Amino acid sequence: MAIKFKSTVGSIISEKAEALVLPVFKDTKTLRGSLDVIDKATRGLIKNLLLSGDFLGERYKTFMLYSQGTLSAKRIVLVGLGKKEEFDLDVMRGAGGKAFQHVRDLGIKTIHLSEDLLDAKEFSVSNLLEAFLTGGGLGVYQFRDLITTGREKIKEVDECVIVSQKKDRTKIIEMVLRQVSILREAVFIARDLVSLPANKKTPAMLALRAQTIAMNNNLQCQIITEKQAQKMGMGAFLAVAQGSREPAKIIILEYIASRKFGPPLVIIGKGITFDSGGISLKPPDKMEQMKDDMAGGAVVMGTMQAAAQMKLPLNVVGIIPATENLPGGKAYKPGDVLTSLSGQTIEVISTDAEGRLILADALTYAKRYKPKAIIDLATLTGACITALGDYVAGIMGNDDSLLNSVKSAGEKTGEKVWELPLWEEYFDYLKSDIADFKNVGTRAAGTITGGMFLKKFVNDTPWVHMDIAGPTWYEKGKPYIPKGASGFGVRLLVQLLKDWSK
Ligand code: BES
Ligand code: ZN
Ligand code: ZN
């Protein structure tokens, strides 16, 4: 499943290859670098193609040429980058995705690339390479674990070889390859888990998976059982869990790089393995999609592995409250009043607003770590999709500097976020006559009232809430994110941790 990234020293002319991939700007007039080298060796193959008009380097368009023995590589696969003025690293990721998909669909298993992919002075050679390989690696993801027939027809790229001319570049290339591989594996952890149906990822199974990740990567893992949660007084979390016969778990992963880095950053992910709505049952249309309601938790698992494998110089704790939300004879009901771990009481208006309930106790629990900051990720509200669409996460928080870090990480990784306000007057919607507050307001500002609810459990710790209801699942694919589970959040969080640790 995993592509092996390798580097080699040599010339792209004499390197034996099934497919040599090259990106091209739109309307390229003078060929430079690798393109020029290949063009000369192939007696003008590329120039002639561009002149013919059959391929002009349009963004994400691909075109394959046979080298006809003029090179050691059998095929040249060109991928368009679009106009140079509109180019950025996300275009580079998309081009990588499209190029890798093209080669994969040809049934070819090994991709060759030249280290210096193109000449775009604003970006370093290694940043361009990293973006292209990130997009390529992520773009060929497919979830095929549960298909048993016709497996032999599944096409997969096994290997990608980076050819560089100079030996002294090897170290830098290998560093890039390592980062790309780690990130790719982390995103795939999230995508795989989110893709799984609820019968194959119960809270207990998630806990096992977390323990395996911990064992393989030297993380600490602790699982809080329902019994322990009861002792602690996690009344909000347990209320959601009580309708299900699957034992609920709170999964904790700790990456402690060194005590000298001080208190950790805590990342919390909503882990509802299936959200039926509970007694406030959801309509049947598309209910199957609610297997993805643990995407926040999946992102936390992937991120924790990446932090450990990258040996980032900071401490991070991941917390995943995991349970099903089902109706049943023992299920919690609208009107119930819950006592949360914080001691605050909550009147349940809708049992379908369960995410904020389990997060409330997780946020309170997080305080034990005296964290420098808390970030939570949750597929919390359908309203967030109404507001921002399918590809953007809503963010809210109490600390401008942390919000800015999240925005900046979002820009760098192409995982788009947009801030919504948490003005105190929004809290009016959550006022209750018989408890400290309600779990749901009116239809107004549905995403913000979700954020306001969570805020009541945070107090002074710098905190950001990310509502990832939209971008968790792509109905339609994007160049380097195939349709289905996107793993949205992993790349943003890893970038944030990297920036934070500087
Ligand atoms: N998991 C859902 C949110 C959701 C809905 C995510 C659709 C992705 C697609 C969440 O638990 C939920 O049901 N939220 C309610 C909140 C409402 C009762 C205030 C919603 O969005 O309808
Ligand atoms: Zn719900
Ligand atoms: Zn939910």
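Whatever order the structure lists ligands and atoms in, that order sets their numbers, starting from 1. This is a predicted model, so every value here is computed, not measured.
Within a 6.0 Å radius of CG in Asp428, more than 12 heavy atoms belonging to other residues, nucleotides or ligands are found.
Note: Tyr391 and Phe488 fail the aromatic proximity criterion, with ring centroids not under 6.0 Å apart. Separation of the Phe427 and Phe437 ring centroids falls under the 6.0 Å cut-off.
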Atom pairs and distances, side-chain donor-acceptor, residues 297-305, under 3.5 Å, sequence neighbours left out:
| from | atom 1 | to | atom 2 | distance (Å) |
| --- | --- | --- | --- | --- |
| Thr303 | OG1 | Val299 | O | 2.7 |
| Gln305 | OE1 | Asn217 | ND2 | 3.3 |

Pairs of donor and acceptor atoms involving the side chains of residues 313-322, under 3.5 Å and at least two apart or interchain, shall be tabulated with distances.
| from | atom 1 | to | atom 2 | distance (Å) |
| --- | --- | --- | --- | --- |
| Asn315 | OD1 | Ala257 | N | 2.8 |
| Asn315 | OD1 | Ser258 | N | 3.2 |
| Asn315 | ND2 | Ser258 | O | 2.9 |
| Asn315 | ND2 | Gly262 | O | 2.8 |

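Distances from the Zn ion (ligand 3) under 2.8 Å pick out these protein N/O/S atoms: Lys270 NZ, Asp275 OD2, Asp293 OD2, Glu354 OE2.
With contacts defined as side-chain heavy-atom distances shorter than 4.5 Å, the pair Phe100/Cys160 qualifies.
Judged by distance alone, the side chains of Trp463 and Asp376 do bring a donor and an acceptor atom under 3.5 Å apart. For the residue pair Gln101/Asp105, the side-chain donor-acceptor check at 3.5 Å is not satisfied. Between the side chains of Thr225 and Gln228, a donor-acceptor pair is found at a separation under 3.5 Å.
Among protein residues, Lys270, Asp275, Lys282, Met290, Asp293, Ser350, Asp352, Glu354, Arg356, Thr379, Leu380, Thr381, Gly382, Ile385, Val440, Ala469 come within 4.0 Å of ligand 1, judged on heavy atoms.
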